[in-house]
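Order of the sequence lines sets the chain letters (A, B, ...), proteins ahead of strands, with each chain counted from 1.
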Amino acid sequence: MSLQQFMNEAISPWMKEDGPDSDIVLSSRIRLARNFSNTPFPTISSEEQLEKVLTFFNNEFQDQSFRDYKQFEVVKMNELQPIEKRVLVEKHLISPHLTENSAHSASLISQNEQVSIMINEEDHIRIQLYFPGFQLDRALEQASQLDDWLEEKIDYAFDEKRGYLTACPTNVGTGMRASVMMHLPALAMTQQINRMTPAINQLGLVVRGIYGEGSEAVGNIFQISNQITLGKSEEDIVEDLHSVVKQLIDQERRARQALLHRSGIQIEDRIFRSYGVLKHSRIIESKEAAKCLSDLRLGIDLGFIDHVPQTILNELMVLTQPGFLQQYAKETLSPSERDVRRASLIRERLQLENKE
Amino acid sequence: MECQRCHNRPATVHLTQLLNGEKTEIHVCEQCAKEKGYMHDHEENFILNDLLTGLFNFETKHSLKGHPHSAPSPKEQLKCPNCGLTFQEFAKAGKFGCAECYKTFDDKLNPILRRVHSGNTRHDGKIPRREGGNLHLKRQMDEYKSDLQRLIEQEEFEEAAKVRDEIRSLDSQLHQRGEED
Ligand SMILES: [Zn+2]
Ligand SMILES: [Zn+2]
């Protein structure tokens with residue numbers, strides 16, 4: 001049963017591949033929202049209509065393959081345990097929204113977990129495609145081909161004036177959300193990222209981080225994505241995003257060098273302290289874990305630490321979330337139990353690398 | 001600081017987003033953040049949706065202000081013939097009910113789309129092969145026509161003649177397709 005496969009490993013097979021600029025860009029994603037022309041959107045459609053859409057995919061696309069993505073597995077939401085859903089969300093294979101309307105929703109997931117096609121989310125169809133590192137162009141090209149492949153069998157809701165029609169007016173037009181996940185510890189530490197966001201917004205792009213207590217984004221991970229979907233072509237949107245991300249990469253590299261130059265010993269100290277915490281703590285909260293993992297990753301990128309793989313941040317950020325921890329423990333855990341499990345899991349994972 | 005959503009637990013998750021120069025902040029407890037998906041999926045349009053609902057409410061209030069005597073009469077109440085969604089319902093939820101809604105509410109959409117999409121109201125991206133029908137050809141035709149105009153203005157008549165021939169052949173393709181449809 002391949003659901004088990006999706007559940008077992010924290011990082012998807014595609015993430016293990018190396019991508020361009022992967023010292024800073026963790027992943028590139030394209031999402032396309034599409035709808036059937038003659039069926040009400042899932043936001044208001046009846047149970048029967050939702051079921052019909054689901055059945056259509058089950059019949060037409062089960063065990064279908066598209067190019068390099070071997071078979072698609074149809075994962076029905078109503079057949080999953082709560083923890084299983086959570087794990088799929090933590091792996092970004094499905095959205096939290098999809099799990100809320102479980103009765104008639106599903107996701108078609110490719111074997112390498114690079115592609116997932118969500119059925120009856122906010123729109124009938126959400127095509128989602130990930131690439132490792134900074135590869136927006138490639139992601140767009142393949143998403144578009146996948147879109148063409150679906151369009152051979154589906155009458156899309158499309159209008160000459162408004163483009164692809166979606167349930168929410170924020171997605172109409174291209175229906176495309178392109179985004180890049182970036183690790184920007186130096187820009188965050190020096191507060192530069194906050195100063196840069198207004199300029200980025202002017203281009204119709206958004207920078208998001210998740211902030212815990214204090215001003216630092218958790219894990220120093222930021223997502224840059226397009227806000228506008230109307231009036232610009234897909235290629236133009238991706239090009240705008242591309243140029244901004246390129247600049248952020250340059251700035252981050254420069255900021256890292258400046259930090260090293262100005263306060264090298266402090267940075268080195270911070271990195272090794274965090275490494276120590278990860279290697280030795282017995283209780284660790286998710287926020288502290290995220291901070292330390294970000295430092296560790298920076299330490300790898302700067303060459304202070306060389307026996308831990310670059311993917312460790314990606315992997316442990318996913319693996320130490322509540323769904324995975326509980327899946328791994330095979331039981332429901334309280335927050336404080338999770339902190340203990342998290343610490344032991346991280347220790348175990350780092351130990352593994354040291355031996356190799 | 002208490003959680004904005006449940007007003008029960010302390011707010012421990014703080015999200016900030018800058019959009020068109022406007023800063024929006026959300027302060028919620030961890031549980032609410034998880035329930036709303038803030039913790040997992042950075043890309044959820046949550047703040048935008050909040051803005052949108054605010055925007056619609058604003059517009060509704062505004063139009064009511066303009067006509068102080070009446071709540072919208074049944075006649076004024078736009079309703080999608082296909083799915084039954086009214087404009088009021090759309091404004092409240094910020095979500096369309098079906099593809100037909102776009103046509104039903106068309107007159108009222110431009111100001112909304114303009115604000116959400118930095119002034120844009122018309123699609124300029126991909127055209128699907130089948131559903132797009134003749135749109136590919138029509139767009140090509142528009143391009144040729146403006147090329148032709150430019151070439152004539154620049155007195156490049158040889159090139160212009162070539163483009164004119166292209167237009168003729170496109171025109172006949174469009175006619176043929178029209179008969180097939
Ligand atoms: Zn709350
Ligand atoms: Zn409708």
When only heavy atoms count and the cut-off is under 4.5 Å, which of residues 98-106 of chain B reach chain A?
C98(B), A99(B), Y102(B), K103(B), D106(B)

Regarding R129(B) and D148(A), does a basic nitrogen lie under 4.0 Å from an acidic carboxylate oxygen?
yes

Partner chain B: residue of G175(A), P40(A), S45(A) with the largest heavy-atom pair count (under 4.5 Å)
P40(A)

Quick one: are C83(B) and F41(A) in side-chain contact, heavy atoms under 4.5 Å?
no

Please classify the contact between T99(A) and chain B as side chain, backbone, both or neither, with a heavy-atom cut-off of under 4.5 Å.
neither

So with a 6.0 Å cut-off around NZ of K52(A), is the heavy-atom count from everything else above 12?
no

CD (E122(A)) and CZ (F96(B)) are apart, to the nearest 0.5 Å, by 11.5 Å

Is the number of heavy atoms from other residues, nucleotides or ligands under 6.0 Å of Q154(B) CD greater than 12?
yes

Least distance between heavy atoms, S118(B) atom then I228(A) atom
OG-CD1, 3.1 Å

Would the number of heavy atoms belonging to other residues, nucleotides or ligands and lying under 6.0 Å from CD of E285(A) be above 12?
no

Side-chain donor/acceptor of S233(A) to backbone N/O of K126(B), under 3.5 Å
no

Taking all atoms of both residues into account, what is the closest heavy-atom pair of G125(B) and E234(A), and its distance?
CA-OE1, 3.3 Å

Any idea which of N82(B), N110(B), L85(B) has the most non-hydrogen atom pairs under 4.5 angstrom with chain A?
N110(B)

Atom pair CZ (R122(B)) and NZ (K161(A)), whose distance is rounded to the nearest 0.5 Å
6.5 Å

Just wondering, do T121(B) and R162(A) contact through their side chains at under 4.5 Å, heavy atoms?
yes

Heavy atoms only: give me the nearest H117(B)-T229(A) pair and the separation to one decimal.
CE1-OG1, 2.9 Å

Out of E160(A), E235(A), M176(A), which one racks up the most heavy-atom pairs below 4.5 Å with chain B?
E160(A)

Distance from L230(A) atom CG to D124(B) atom CG, nearest 0.5 Å?
9.0 Å

K232(A) side chain vs N120(B) backbone, donor-acceptor pair below 3.5 Å
no

T166(A) versus chain B, the contacting section by heavy-atom distance below 4.5 Å:
both

